[in-house]
Amino acid sequence: MSKGILLVNLGSPESPEPKDVKKYLGEFLMDERVIDIPVLARTALVKGIILNTRPKASAAAYKKIWWEEGSPLIVLSERLQKKLQKETEMPVALAMRYGTMTIKKGIQELIDKGVDEVLLFPLYPQFAMATTETITVLAEKLRQKFFPNIKIESVPAFYNKPDYIEVLSSSIAGHLEDKNYDHVLFSYHGVPERHIRKSDVTKSHCKIDGSCCVTPSKAHEFCYRHQCLEVTRLVAEKLRFKEGAFSTSFQSRLGFDPWLQPYTDRTIERLGKQGVKNMAIVTPAFVSDCLETLEEIAMEGQEIFREMGGKDFTTVPCLNDDDAWVSLLAKWVNGWSEKGVLA
């Protein structure tokens, strides 16, 4: 069988103009694994309320971070794909879950190059309904409908793989070198608490309290909260951060339902009020910088921190197309090609 790699990231509007942002948000928010409520209620919420109010503000945010080459997330993902292609003999395609760079197009690109076995690689370290699961479910639907003669294998969450933690830790350490910081905040994309409970394969373990995420359970294989906390713990251990000098929070909540806490904006505000003058913030839920990291965290977060009396606010970039990250991806996919498993 001829093998190929399909990297899949989130996606982006075609431009930072309101009409393109509205189209993108409509596709994103109508995904039943993003807003997981009955379709009639979701349609009323998204098309009746959100798409009539949010696109203009979101477009303004996108304009703040848009690059001359295009969307930062797309540009960075393309750089990653091109670098990885140089490190493997297998064809490497790139797709997005939302937008015009569809997963269907990505699979077809590989088939046109003779591939009949695809390694689907969601570019998210942790599992979540709204990220990894929506990618793998859609890819399987497409395979059944359009590509029944190919095989698709999906990469599981890699949040705790030692070589990933090594690369992530080295990247963080490199960007914090010579920086004077009092506190390191690990901020992850937020999800509704009900997503955690829905993903609990035991149907009883995830209580989102102080103990379930640190009590061993098979539920952790699909528990986003546990996986985020583990990344923080493993990196802090690797870099020998002192207890109390780092913490975890969750950004980008939407609506009024309970989301994972503590919230990033309130945590930044609290740290400033408590006298932290120099803080660094890391966003390990993403491997590519995007609207959330570049605008919500780097710009809005810094503004909140300084309003609360903070001084220096250091944002650590995502892994993006870092050479060590590319080398690790190459090691993994080449191992899959040779042995059928990630190296």
Side-chain angles (χ1 to χ4, degrees), residues 8-62 71 73 95-105 120 122-124 126-146 154 157 188-201 203 206 208 222-225 227-228 250-261 263-265 285-286 290-292 295-296:
V8 185
N9 216 328
L10 177 69
S12 172
E14 285 293 285
S15 81
E17 296 303 317
K19 64 179 179 61
D20 286 330
V21 173
K22 182 176 182 178
K23 182 179 179 181
Y24 173 76
L25 286 177
E27 183 185 5
F28 172 54
L29 296 175
M30 282 302 295
D31 186 337
E32 64 182 356
R33 286 176 171 77
V34 174
I35 298 183
D36 57 324
I37 59 177
V39 64
L40 291 179
R42 185 166 67 250
T43 301
L45 173 63
V46 175
K47 297 185 178 181
I49 300 175
I50 297 176
L51 293 185
N52 290 319
T53 58
R54 189 166 177 176
K56 188 175 180 180
S58 293
Y62 272 109
S71 161
L73 181 140
M96 299 289 151
R97 175 59 182 86
Y98 311 103
T100 59
M101 296 175 63
T102 64
I103 293 174
K104 183 182 177 184
K105 288 180 181 177
L120 184 71
L123 290 170
Y124 300 101
Q126 303 89 10
F127 171 90
M129 282 175 52
T131 55
T132 310
E133 185 174 87
T134 188
I135 289 171
T136 56
V137 168
L138 176 58
E140 178 56 22
K141 286 181 179 178
L142 292 169
R143 187 197 67 79
Q144 292 179 11
K145 186 174 182 179
F146 300 105
S154 299
Y188 300 84
H189 180 76
V191 300
E193 290 184 356
R194 67 177 179 273
H195 282 202
I196 304 300
R197 296 188 175 94
K198 279 187 174 183
S199 299
D200 180 3
V201 293
K203 303 303 179 186
C206 294
I208 313 182
F222 300 106
C223 179
Y224 178 72
R225 183 174 183 267
Q227 294 180 9
C228 291
F250 298 90
Q251 73 229 21
S252 304
R253 62 191 182 277
L254 174 68
F256 301 101
D257 291 336
W259 281 51
L260 293 180
Q261 296 189 41
Y263 301 135
T264 293
D265 53 357
F286 301 104
C290 56
L291 182 68
E292 279 189 36
E295 197 273 338
E296 181 179 349

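None of the values given here were measured: they were computed from a predicted structure.
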Check [X] against [Y] and note the closest heavy-atom contact, atom names and distance.
X      : Y      : value
Gly190 : Trp259 : O-CZ3, 3.1 Å
Pro122 : Leu120 : CD-O, 3.3 Å
Ser12  : Tyr24  : N-CE1, 3.3 Å
Val21  : Ser15  : CG2-O, 3.8 Å
Gly99  : Glu27  : N-OE1, 2.9 Å
Met129 : Ser199 : CG-OG, 3.5 Å

[X] versus [Y]: any side-chain heavy-atom pair under 4.5 Å?
X      : Y      : value
Leu25  : Ser58  : yes
Cys228 : Phe250 : yes
Leu40  : Pro38  : no
Glu133 : Phe222 : no
Ile196 : Cys223 : yes
Asp20  : Tyr62  : no

*Determine which pairs satisfy side-chain hydrogen bond (donor to acceptor under 3.5 Å, both in side chains) with at least one residue from residues 34-49, sequence neighbours left out, and list them in order.*
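Counting only pairs at least two positions apart or across chains, the side-chain hydrogen bond (donor to acceptor under 3.5 Å, both in side chains) contacts touching residues 34-49 are Asp36-Arg194, Asp36-His195, Asp36-Lys198.
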Could you grab the distance from atom [atom1] of [X] to atom [atom2] of [Y], nearest 0.5 Å is fine?
X      : Y      : atom1 : atom2 : result
Lys19  : Glu14  : NZ    : CD    : 9.0 Å
Leu51  : Leu29  : CG    : CG    : 6.5 Å
Arg97  : Thr132 : CZ    : OG1   : 12.0 Å
Glu193 : Arg225 : CD    : CZ    : 8.5 Å
Arg33  : Thr131 : CZ    : OG1   : 11.5 Å
Cys206 : Arg197 : SG    : CZ    : 8.5 Å

*From CA spacing to verdict: side-chain contact (heavy atoms from CB on, under 4.5 Å), Leu73, Phe286*: CA-CA 10 Å; Leu73 181 140; Phe286 301 104; 5.9 Å; no
Just by modelled atom types, is the [Y] backbone N or O under 3.5 Å from a matching donor or acceptor in the [X] side chain?
X      : Y      : value
Thr53  : Ile50  : yes
Tyr188 : Gln227 : no
Asp257 : Pro192 : no

*Step by step, work out the side-chain contact (heavy atoms from CB on, under 4.5 Å) result for Met101 and Asn9.*
CA-CA 10 Å; Met101 296 175 63; Asn9 216 328; over 6 Å; no
*Could you go through the side-chain contact (heavy atoms from CB on, under 4.5 Å) check for Ile103 and Val8 one step at a time?*
CA-CA 7 Å; Ile103 293 174; Val8 185; 4.1 Å; yes
*Side chains of Glu296 and Gln251: donor-acceptor distance under 3.5 Å anywhere?*
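No, no side-chain donor-acceptor contact under 3.5 Å.
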_Sidechain N-carboxylate O distance under 4.0 Å for Asp265, Arg253_ =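 A salt bridge links Asp265 with Arg253.
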*asked:* Pair Tyr98, Asp31 - check side-chain contact (heavy atoms from CB on, under 4.5 Å), show working.
replied: CA-CA 10 Å; Tyr98 311 103; Asp31 186 337; 2.5 Å; yes
